[in-house]
Amino acid sequence: MKKYDPKSIEKKWQKYWEKNKTFEVKEDTKKQKFYSLIEFPYPSGVGLHVGHPRPFTAMDVISRKKRMEGFNVLYPIGFDAFGLPTENFAIKTGRPPAEVTAENIANFTRQLKALGYSFDWSRAVDTTDPTYYKWTQWIFLQLYKHGLAYKKNQPVNWCPKDKTGLANEEVVDGCCERCGTPVEKRDKEQWMLAITKYADKLLDGLKEVNYITPARVQQENWIGRSEGAVVRFTVIPSEARADEESLSQPIEVFTTRLDTIFSGTFLVIAPEHPLVKQLATPEQKKAVEKYVQETAQKTDIERTAEEKDKSGVFTGSYALNPATGDKMPIWIADFVLAQYGTGAVFADAHDERDFAMAKKYSLPLKVSIRPADDALWERVQKLEECFPSEGTLVNSGQFDGLTSAEAREKILPWLEQKGMARRQINFKLRDWVFSRQRYWGEPIPLVKCENCRKKKYNYILLHGFKGSSQGIFFPRLKEELEKQGHTVFAPDLPNPMQPNIEEQVKSVLEKTEINENTVIVATSLGGAVAMNLVEHLKKTIAKLVLVDCFIRPEFADRARPEVEQSFNWQFNFEKIKKNAKEIVLVVDKNFPVIPENQAREMMKAMHASAQFVEPVAQHFTNDGQEPEILKALEQTGWIPLPESELPLKLPKVEKYEPTDTGESPLSAMSDWVNTTCPRCGGPAKRETDTMPNWAGSSWYFLRYADPNNDKEFASMEKLRYWMDGNPVTPTTKEESLAHSPTDGQRSLVGASLARDDKRGGGVDWYNGGMEHTVLHLLYSRFWNQFLYDIGVVPTREPYKKRTSHGMILGPDGEKMSKSRGNVINPDEMIEQFGTDAFRAYIGFMGPFDQAVKWDTNGLVGVRRFLDRVWSLQERVIASEERAKQSPRQESKGEIAASPSAPRNDKITTLLHQTIKKVSDDIEAMHFNTAIAKLMELTNEMMKEEKISNIQYQILIQLLSPFAPHIAEELWELYGDKEILAYSPWPKFDPELAKESMITIVVQVNGKVREQLEVPADISEDEIKNQALASEKIQKWLDGKEPKKVIYVRGKLISIVV
RNA sequence: GCCCAGGUGGCGGAAUUGGUAUACGCACAACACUUAAAAUGUUGCGCCGCAAGGCAUGCGGGUUCGAGCCCCGCCCUGGGCACCA
């Protein structure tokens, strides 16, 4: 036997795997796929640190086991390489970030390969590669075209050190998440992504995925859904106020505690509330202005620092409580947040903040919720104490005696009837600031064209069934468009009650000219008129806007024969697509009459972009304005690049420093910035903001499915296989077993499927850091859901299962950092102890989801274990003997049971217990206990003079996910011909795992007094007799008669005297 | 303040979820091998006690034949959210 030499063994097998492409995978519909994913690393200049291998090793262990269980396993790797550290390095050294990135990736690749991970390297992606970010840009354009990306001037979080805008999520305690500098507010035009439109979907989706609880809870909290109502408070007219007219509108307040409305005694609005100026009476004007100015100067930290000391100012105005009719003074205070709800609250004695405010400024308070505790009620009534919890209603008129929850359900319709309230759901989630004023990110593929912005069009507005040109939002839209300088033609279509589409088309064509300056806006049945009209044109029009239209007269509520008979309902979508340069659908996402799949079909058939919105009135029937339609028609001058011009590559610049004006370094590149408009050919300027780091990582898992595709970001076919392949939705155990990939593995695979893969599709298992559970996970779920909505990915949710690893701390128990000098370098550890020992120690060091201290001594212990496994070779029965005793044809389980390994063989029993333990523990990420069991087995084998070849094989296989190199080496010597990585995972036999003799513990009054070694199949009576007859027990019974004798099968006997 | 985790030997941690608390590893000690050391192997190792035995899973109660695990009330540590109406 040679000495165990990890260095040569590890090099040998890493070479072998690479040369033989052992872990490269292809779509194979005959095999069930398993997609395991890790968060791809940021290739920093300092290389891999010891924290990286923890999640990578964990998923490698799982991937290797799944492979042996017969799954077609995709375990990909890539690099998330855009971002600040590289850019900052470039600024410091003057070297191009692309060059630095390439070097860093090469170094990371070397280190990762040395760790023996079973990645499919052929699928590696790099977010900074133009062939990758082409598709990041493409996805952004889809978002833009569907109305989910918009530019907005708004206060943004500005980091004065990094000179960049930050998303809300990147601001921690009012400071920059990256550098810790206090964040300032700055007004800046920023690209925003309307993630709030997906708030409900993102929340709902959490129900169908299997995320570890903290991850799910954190997402739920971040989305922050709360159910409540918006209540209207009429402002009492006052001659003192200058701008009386604008106050005809009431102040709206969002509340989740409508049950407390009867104790509402004053209103508080945010300093940024739009009505602040109008509400201030002349006497209060100065004080109000001063207060508003003061709060504007405070940073967020300062504002929240004075949490207990509520400051505020009276506006001088009053409103009416819609429930009681009471006169309520209107105050301004900075504890009310402009961004949440309506930026206004009604204040009462049942909220700590309101209570504190009222006490400070001697504002009126009354009490309408009674606690169960009488003493507390006493104090609450005297206004000595605030009672913010729920209770029973008092002083609330007809609602007295109801509980808080009951009252909310009764008060809402009561106020609704009076037109003073409506049900409302509110979210904490904010839209995503998507602009960065930086160089090292994906350029935003839009140009600004003044020509297109100012261009005037000829609009044609087409109404629907039973409609007219004077109905719904048409008159206001016409007025608005004409004000902007467009011409508008809004005809009354003939026979609106008994329409004939072809007749209506004819009448439109007779009355107006149609050309390339024409924009048609059609609503409902008008859509059929518009589409039929466009279909038969000989020329093209500029734009076709279809507002809640349909292509088949199918309605969810009832049939409409007049609509059915109005047309033959045949469209040539190809022609429509050709004749309209741009087609936009605006869809009422809550209108149940027209099934949503119609809009989806139209999107597909005509390459239309669709905006699913909430109109003012259902089906856009408001007779005032419909702002979503105005928005869809708005000429911002932002023109998307055509797909053929993607990728829009980053130009090489001289200097990477951000400018002090807050513009990106790209803005200095006039050659690049000045371009031509892809729509009109006139002069245009490129957007110089770049995308945030989160962009590339929001969809990389999709690219892995088809990384070299240059026609699409990934083909639907490949996505179907890897994201949704052989979807398994077992309802019973039997059913789940039927999906097992190969025979002979059923019990294990079936069990794991039944537990983990309950619903939906997506990446089968995604492990990542807790620091990414809010942002990255939410953003990538948002993008995936959006891509699902436009029909280009197969699953609504991207990740079926999400787990998280704990941090690895330095030997001193502190977070590893250069400045502390407690950084462990994985390269050194591998050099000293070998990759296998390192990997096994990573698994063994502690519970996977908890933070653990690094302890090199522990690594020494694991290395000793591998040495013992190696030295077990001495005990393996010689080969001739082996051939006799373990014929190859037999399956592993049978061999273990064969005469060479007798039924009561201690090793066989322990071996099968170990198969079970290791199999289950890997699934549960209990790597530490799996390895402990393998150590136990090895220690037992060390005590034997001889072990069978097959027993040794099984040990090697069970060890292989953790220590793949030593395992392959030993497998080559003692295993089958084919490679270990694809050998079938050992089969657990419950019969063989059973012990023949068991230890029964005998307790007297709860204390252990005796242990009995008995046959496992002993009867209850027999063991009870034995226990009572035992000398020791007799002594403890001391002649007394037992009151009770309890037998727990196979475990213990409890005697009570 | 609110929401998650968690608290077990000298240390990292086990415990089939109500059934022998301390598996496995580290550290430590003794012994074997060795001229010696390292490596390796064997044995011991929660605390008190000579022993019989008693006491131990953050603290205090409770339920139970039996509690690390369940219930009630506290304390501490880590993480997240934080004036969200």
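As the structure is a prediction and not an experimental result, all values here were calculated from the model. Heavy-atom basis, side chains included; hydrogens, waters and symmetry copies ignored. In what follows, chains are A, B, ... by sequence order, proteins preceding strands, each numbered from 1.
The V1001(A) side chain lies nearest to U20(B) when the options are G12(B), C84(B), U20(B). Set against A52(B), G25(B), A85(B), the side chain of V345(A) has A85(B) as its closest nucleotide. Closest contact between the side chain of R1009(A) and the listed nucleotides A85(B), G53(B), C65(B) involves G53(B). Here A82(B) is the nucleotide among C84(B), A82(B), A14(B) with the atom lying nearest to any side-chain atom of W222(A). With distances taken from any side-chain atom of V1008(A) to the nucleotides C84(B), C26(B), A21(B), the minimum falls on A21(B). Relative to the side chain of A932(A), the nucleotides A23(B), C83(B), A85(B) differ in distance, and A23(B) lies closest. Comparing atom distances between the V1056(A) side chain and each of G54(B), C65(B), A85(B) picks out C65(B) as nearest. Of the candidates C81(B), G25(B), A23(B), the closest approach to any side-chain atom of K428(A) belongs to C81(B). Here the nucleotide nearest the side chain of V852(A), chosen from C26(B), G53(B), G12(B), is G12(B). Side-chain atoms of Q1003(A) lie closest to G19(B) of the nucleotides C83(B), G19(B), C26(B).
Map T929(A) and P214(A) each onto its nearest nucleotide of RNA chain B; the residue landing nearer the 5' end is P214(A). Each of G858(A) and D849(A) has a nearest nucleotide on RNA chain B; the 5'-most of these lies closest to D849(A).
Across all strands shown, G1(B) forms a Watson-Crick or G-U wobble pair, both distances under 3.5 Å, with C81(B). Nucleotide U42(B) forms a Watson-Crick or G-U wobble pair with A30(B), both donor-acceptor distances falling under 3.5 Å. A52(B) makes up no base pair with any nucleotide shown, lacking Watson-Crick or G-U wobble contacts both under 3.5 Å. The nucleotide C65(B) finds its pairing partner in G19(B), both defining distances of the Watson-Crick or G-U wobble pair being shorter than 3.5 Å.
A syn orientation is assigned to U17(B), its glycosidic angle lying within 90° of 0. Glycosidic conformation at G44(B) (O4'-C1'-N9-C4 for purines, O4'-C1'-N1-C2 for pyrimidines): anti, more than 90° from 0.
Using bins of under 30°, 30° to 60° and over 60° for the plane-to-plane angle, the ring pair F346(A)/F233(A) lands in the tilted bin. Taking the six-membered ring for Trp and thresholds of 30 and 60 degrees, W694(A) and H772(A) have ring planes more than 60 degrees apart, a perpendicular arrangement.
Between the CG atom of L866(A) and the C1' atom of C24(B) there is a distance of 14 Å, rounded to whole Å. Rounded to an integer number of Å, the gap from E1010(A) CD to G53(B) P is 11 Å. In this structure, the CG atom of N1005(A) is 16 Å from the C1' atom of G54(B), given to the nearest Å. In this structure, W331(A) places its CH2 atom 18 Å from C1' of C83(B), rounding to the nearest Å. Rounding to whole angstrom units, CG of residue L1052(A) and C1' of C65(B) are separated by 10 Å. The distance from atom CD1 of I1053(A) to atom P of C65(B) is 18 Å, rounded to the nearest whole Å. As rounded to whole Å, 12 Å separates atom C1' of G10(B) from atom NZ of K853(A). Remark: P of G79(B) and CD of Q219(A) are 21 Å apart, rounded to the nearest angstrom.
Counting non-hydrogen atoms under 4.0 angstrom, D351(A) reaches nothing in the nucleic acid. Base contact: T999(A) has a heavy atom under 4.0 Å from a base atom. Using a 4.0 Å heavy-atom cutoff across all strands shown, Q339(A) reaches no nucleic acid atom at all. Among the heavy atoms of the strands, none lies under 4.0 Å from V862(A). When heavy atoms are screened at a 4.0 angstrom cut-off, V1048(A) is found touching base atoms of the nucleic acid. Contact annotation for K933(A): no contact, since no heavy-atom pair falls under 4.0 Å across all strands. Using a 4.0 Å heavy-atom criterion, one finds that R1049(A) contacts no nucleic acid atom at all. At a threshold of 4.0 angstrom between heavy atoms, the contacts of E936(A) are confined to the sugar-phosphate backbone, with no base atom among them. Using a 4.0 Å heavy-atom cutoff across all strands shown, K3(A) reaches no nucleic acid atom at all. Within the 4.0 angstrom heavy-atom criterion, only backbone atoms of the sugar-phosphate kind lie near N928(A); the bases stay farther away.
Residues V50(A) and W854(A) have side chains in contact (heavy-atom distance under 4.5 Å, counting atoms from C-beta outward). Side-chain contact between D326(A) and K366(A) is present, with at least one heavy-atom pair separated by less than 4.5 Å. Side-chain contact check for N426(A) versus R225(A): every heavy-atom pair is 4.5 Å or farther apart.
Not one side-chain nitrogen or oxygen of N221(A) sits closer than 4.0 Å to the OP1 or OP2 atom of A82(B). When the side-chain nitrogen and oxygen atoms of K1032(A) are compared with OP1 and OP2 of A52(B), none of them lie within a distance under 4.0 Å. Considering only side-chain N and O atoms, T773(A) lies nowhere under 4.0 angstrom from the phosphate OP1 or OP2 of G80(B). In this structure, K815(A) does not reach the G78(B) phosphate: none of its side-chain N or O atoms is under 4.0 Å from OP1 or OP2. Contact annotation: R864(A) side-chain N/O to C26(B) OP1/OP2 distance is under 4.0 Å.
U22(B) and G68(B) are spaced 12 Å apart, taking the P atom of each and rounding to whole Å. A distance of about 31 Å separates the C1' atoms of U63(B) and C48(B), rounded to the whole Å. Taking atom C1' on both nucleotides, A67(B) is separated from A21(B) by 11 Å, rounded to a whole Å. Nucleotides G62(B) and G46(B) have their C1' atoms positioned 27 Å apart, rounded to a whole Å. Of the C1' atoms belonging to U16(B) and A23(B), the separation is 12 Å, rounded to the nearest Å. Taking the P atoms as reference points, G58(B) lies 8 Å from G9(B), given to the whole Å.
Between the side chain of Y291(A) and the backbone N or O of P271(A) there is no donor-acceptor pair closer than 3.5 Å.
F927(A) and F848(A) have their aromatic ring centers within a separation under 6.0 angstrom.
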- request: Step by step, work out the ring pair (Phe, Tyr, Trp, His ring centres under 6.0 Å) result for F266(A) and W331(A).
  value: CA-CA 7 Å; F266(A) 57 104; W331(A) 280 65; 7.4 Å; no
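Each of V774(A), T213(A), I223(A) was scored for a side chain to side chain contact (heavy atoms under 4.5 Å, CB included) with Q218(A), with one residue passing: V774(A).
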